[in-house]
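The structure presented is a predicted model; accordingly, all values stated were derived computationally and were not measured. Chain identifiers are assigned alphabetically (A, B, ...) following the order of the sequence lines, protein sequences preceding nucleic acid strands; residue numbering begins at 1 within each chain.
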Amino acid sequence: MQMQREQGLSFPPHLISLEGIRELADIEETVDGSIRIGALTDLETCRNHPLVKEKCPVLSEAISTIASPAVRNRGTIGGNILYGVGDAIPVLLALDARLSWFCENGIRSEWMYDYVSEQESPAESAILTDITVSSPIKGRCFFRKVGRREAFIPSVVTVAMYREMTDEQTIKEIRMVAGGGVSTPRRLKMCERELIGKELTDDVLASLSDSIKEESALIGDVFASVDYRRTVAANLLLAALQSDR
Amino acid sequence: MKKKIRPDGKEKVTGRLKYLTDLTFPEMLWAKVLRSAYPHARILSLSTEKARQLPGVQAVITHEDVPALNGFGIVTPDQPVLCKDTVRYVGDAVAAVAAESVEIAARALELIEVHYEPLPVVDSPEKALAKSAPLLHPGGNILHRAGFQRGDIQTAFSRCVNVVEETYEVPRQLHAYMETEGGVIVPEKDGTLTVYVGTQHGFKDRFQLSRILGMPEEEIRIISSPMGGSFGGKDELNIQPYGALLALATGRPVKIHQTRQESMRSSIKRHPMSITMKTGVDQNGRLLAHQTTITADTGAYATLGPAILDFAVEHACGPYMIEAVDTKGVSVFTNNGVSGEFRGFGGNQITFALEGQMDRLAAAIGIDALELRRLNIRREQDPGPLGQRIVQTNGALEVLESAAQVYRDKKQQMPKASEWKRTGIGMAVTMHGGGLGFGRMDPAGGRLSLKENGKVEIAFGFEEAGQGILAVIEAVATEELGCRKEDLSIVIGDTALVPSSGSTTASRGTSMVWHSLQRLKGSFIKQVLARAVQKTGAEESVLSIGPGGVWKNGKCALSFESLAAGEEPIVVSTQFDFPVSPDAIDSAHYLYTYSGVVAQTEVDLLTGRIKVTGLHQSTAAGPVVNEMGYRGQIEGGGVMALGYTLMEDVVMTEGQYATENFDSYLVPGIQDVPFDLELEAIETLPPGDHYGPRGVGEIGTVAVAPAIANAIYDAIGFRVSRLPVKPEAVLQSMERGVLYENQS
């Protein structure tokens with residue numbers, strides 16, 4: 001918001017601080033072993049939390065690429081998600097996280113995928129309370145953010161992926177995500193469907209590149225073109241799949 | 001011993017230091033400047049009525065309120081202080097407001113009514129040079145032409161067995177100083193004006209302000225240190241005229257401190273240039289012919305654009321001896337901001353092209369790039385690049401051999417390429433002139449006193465912009481006089497207290513401090529000792545200046561306090577000019593420094609991103625005055641150049657800034673800086689050299705870009721000809737299939 005204000009966008013006349021709600025700044029293990037992260041948990045706490053590091057290291061890795069230490073000490077995971085293009089989103093989509101909202105008529109839970117696809121809260125006055133990531137994570141995770149410099153930089157391309165293989169080395173389950181810049185991170189559902197049940201042969205991978213470029217629908221700007229962003233998204237996801245072979 | 005902590009170090013690192021923009025005064029007003037809404041337009045009408053009526057507004061000024069010359073510019077005052085009928089870039093000032101608060105001032109700007117008639121925007125030198133182009137200045141769109149010819153270029157090319165031609169494009173770089181332009185201007189009770197604003201040349205600002213205000217120079221006092229960075233960017237006037245006019249109009253102190261966006265919009269930048277070079281060699285690898293065409297986008301106004309082009313022309317063949325040289329340069333007015341002074345002063349642009357040529361030529365004739373350089377590099381006794389006599393050192397060969405050794409060592413230890421990464425190594429060398437050059441007023445001077453309070457006061461007209469001049473003065477003065485730093489009182493950055501020393505630019509500070517001391521110390525020591533003889537009755541031959549005072553038989557016999565007590569101060573002054581070549585060649589330099597750079601890179605084949613993994617600079621600039629300061633300049637310069645190479649570019653579209661702040665204009669962060677950052681200082685000078693330490697403020701920035709570019713080629717076979725290197729261009733080059741396996 002501060003950055004948007006610097007860019008000349010209007011700032012809401014009133015802001016309500018939720019900082020005092022300590023209950024929303026916790027990370028805990030649920031009864032089924034999943035990790036529940038309070039929406040007001042600051043990014044740095046989230047990144048360094050033993051539960052996250054042990055059970056979901058890819059999330060810790062992703063958060064370490066967000067902004068700078070000073071910003072991570074203030075910014076929250078909930079804020080990053082509600083920003084719409086935050087760098088925690090792709091990895092949470094790949095992990096198929098769930099979001100809980102505090103609404104007028106109680107707590108509502110939904111898939112992160114549904115929220116991101118629709119880009120609106122379940123109700124007007126809803127408050128994001130927590131994010132839940134299923135655990136243990138059975139498959140392999142991958143995350144990569146590319147910016148115009150090494151750190152403290154908005155993303156040009158961010159990709160994340162979750163995949164599980166069968167014993168026969170075919171794809172059992174896969175979630176691929178691409179985002180970056182002002183593009184809302186999105187699941188590459190068509191690519192995923194193409195891959196299910198397939199072995200990662202050269203032919204399969206070769207045909208995948210164009211599909212990723214097309215489906216990622218990343219938007220370009222004066223600093224990095226559409227072509228570049230889509231190519232990089234494809235390169236990174238393909239390289240990650242190749243490393244599985 | 002030379003690893004001294006700089007005098008201003010702790011205060012800066014801890015944030016305790018007060019910059020001039022931190023100052024406040026009773027009754028102080030805040031000012032803001034209304035900049036043009038268009039890159040090129042005619043002003044049809046201008047009304048400040050509504051702004052004046054806003055409660056809290058104390059003054060609104062326009063061109064009508066400039067009492068004397070409505071223009072500034074270090075050499076040619078072609079930039080209006082406040083535009084009357086035409087605006088030529090989006091940073092052009094149209095009006096300025098002083099109000100009780102910065103918010104009121106900002107609101108008042110919105111109430112100023114300006115009607116413009118937009119004019120065609122000249123947003124490239126090509127457009128500016130077109131026959132149909134609108135004329136941006138009465139004299140046309142060409143600010144300056146410069147050139148140099150030696151030998152018969154056509155005949156020389158005809159004898160070449162190999163000729164390489166390339167066009168190099170370099171970007172508009174922002175100085176990105178921490179402290180944006182600002183300060184406080186105070187009207188004093190006696191009618192004089194005190195200007196607390198950072199600059200690189202207080203006396204020049206005083207002269208320019210006097211010309212604008214119609215006030216005698218003596219009635220204007222410039223206090224200019226300390227400031228939070230400059231790198232050339234605060235050499236020209238910036239907000240001083242508005243603060244001064246508003247302070248005089250209101251009779252109250254006026255503070256201006258530009259926001260980052262205001263700074264981006266109005267400040268000068270490094271000249272973007274397009275440089276075409278055609279270079280040929282004979283079968284033995286001797287450079288025979290070198291033809292260069294430079295087109296510089298100088299933006300809307302002159303500032304030091306002509307001198308920067310001259311510098312680029314002079315350095316077009318760098319440290320190489322080439323039989324036939326033909327260099328032509330043109331600096332062109334456009335509606336793209338204003339280009340001007342920036343660390344390296346045209347050398348960085350031309351060196352990127354030249355050192356790119358050297359690697360291309362070496363590849364074309366199949367010899368080692370290092371060998372090609374060695375074959376052609378200047379030797380001691382060779383004339384300077386314009387044929388002028390220069391102060392002879394063996395610096396060029398020394399930095400080349402030093403860099404060659406580093407290159408060999410690093411090449412052997414190159415990290416292995418991984419599946420999606422390739423590594424490469426590259427080098428470049430350069431020479432860089434210090435001082436302003438032949439035919440330009442380049443006076444220096446200093447003053448050394450023993451004050452009544454027993455302090456040894458050393459005063460210069462230099463400014464501390466973070467570059468470390470205070471540490472240099474301390475080191476040189478204590479070494480030359482033999483006293484302690486505690487005995488010294490260093491006075492700089494206040495025109496009321498210091499002598500003129502010329503500008504704090506052109507790598508001249510260190511050199512001029514040393515030269516001043518050479519001239520001051522004899523007479524000063526003699527007078528101090530004579531007084532000690534009077535007071536102690538001892539023979540002069542047994543006395544010397546030492547820590548704390550005058551020493552005799554290994555002990556301090558008389559403190560400076562006792563020497564000074566009840567006596568008139570001892571004052572010794574000097575005025576002289578920066579040394580120049582005995583050959584009257586316009587703008588030619590006399591004192592040069594040399595640099596050899598080795599860069600290592602890692603190229604990500606998936607993203608096209610370049611990471612610099614090692615940067616080693618060998619610098620020959622005479623004795624090191626302060627090791628920390630020297631290292632800081634070379635390493636800091638290297639990082640600034642790394643940014644220039646990989647990410648920094650003030651993007652403009654149709655005369656408007658696309659990069660308005662540090663969220664889109666990127667400078668390197670610590671993660672972009674290689675851990676392997678090294679420096680070798682070559683301190684040797686030939687016997688009898690009496691020019692002492694040379695300045696190193698610029699040399700660390702000059703040859704880094706070509707070294708990185710050459711390392712990228714080594715990694716993936718991609719020839720970089722445009723900066724900053726875009727990952728997109730790297731990826732595209734690989735799609736075209738230039739990728740080769742160099743590390744099998």
- If one checks every heavy atom of B:Glu728 against chain A at 4.5 Å, the contacting part turns out to be both

- Query: With only heavy atoms counted, which part of B:Thr259 is less than 4.5 Å from chain A, the side chain, the backbone, both or neither?
  - Reply: neither

- chain B contacts: which residues in residues 213-230 of chain A have a non-hydrogen atom closer than 4.5 Å to it? A:Val222, A:Phe223, A:Ala224, A:Ser225, A:Tyr228

- Message: Quick check on B:Pro727 against chain A: is it the side chain, the backbone, both or neither that has a heavy atom closer than 4.5 Å?
- Response: both

- Does atom CZ of A:Arg148 have more than 12 heavy-atom neighbours, drawn from other residues, nucleotides or ligands, at distances under 6.0 Å? yes

- Message: Would you say CD1 of A:Ile16 has more than 12 non-hydrogen atoms from neighbouring residues, nucleotides or ligands within 6.0 angstrom?
- Response: no

- More than 12 foreign heavy atoms under 6.0 Å from NZ of A:Lys172: is that the case here? no

- Item | Contact origin within B:Asn661 toward chain A - heavy atom pairs under 4.5 Å | side chain

- Message: Using heavy-atom distances under 4.5 Å, tell me whether A:Leu238 contacts chain B through its side chain, its backbone, both, or neither.
- Response: neither

- Message: A quick test of your reading: do over 12 heavy atoms of other residues, nucleotides or ligands sit less than 6.0 Å from CD of A:Gln242?
- Response: yes

- Name the region of B:Leu666, side chain, backbone, both or neither, that has any atom closer than 4.5 Å to a heavy atom of chain A. both

- Query: Should the heavy atoms of other residues, nucleotides or ligands under 6.0 Å from OH of A:Tyr83 be counted, would the total exceed 12?
  - Reply: no

- Message: Between the side chains of A:Arg144 and B:Asp604, is the shortest nitrogen-to-carboxylate-oxygen separation below 4.0 Å, so that they form an ion pair?
- Response: yes

- Message: Using a 3.5 Å distance criterion without hydrogens, assess whether the side chain of A:Arg149 forms a donor-acceptor pair with backbone atoms of B:Gln671.
- Response: no

- Exercise: identify the closest heavy-atom pair between B:Leu606 and A:Asn235: O-ND2, 2.8 Å

- Option that, when pairs with chain A are counted at under 4.5 Å, heavy atom only, ranks first among B:Ser664, B:Gly643, B:Ala658, B:Pro724: B:Ser664

- Item | Separation between OG1 of B:Thr607 and NZ of A:Lys145, rounded to the nearest 0.5 Å | 14.0 Å

- Query: Picking from A:Gly147, A:Ala233, A:Pro154, A:Ser243, which has the most non-hydrogen pairs under 4.5 angstrom with chain B?
  - Reply: A:Gly147

- Message: Can you tell me if A:Phe11 has over 12 outside heavy atoms packed within less than 6.0 Å of its CZ?
- Response: yes

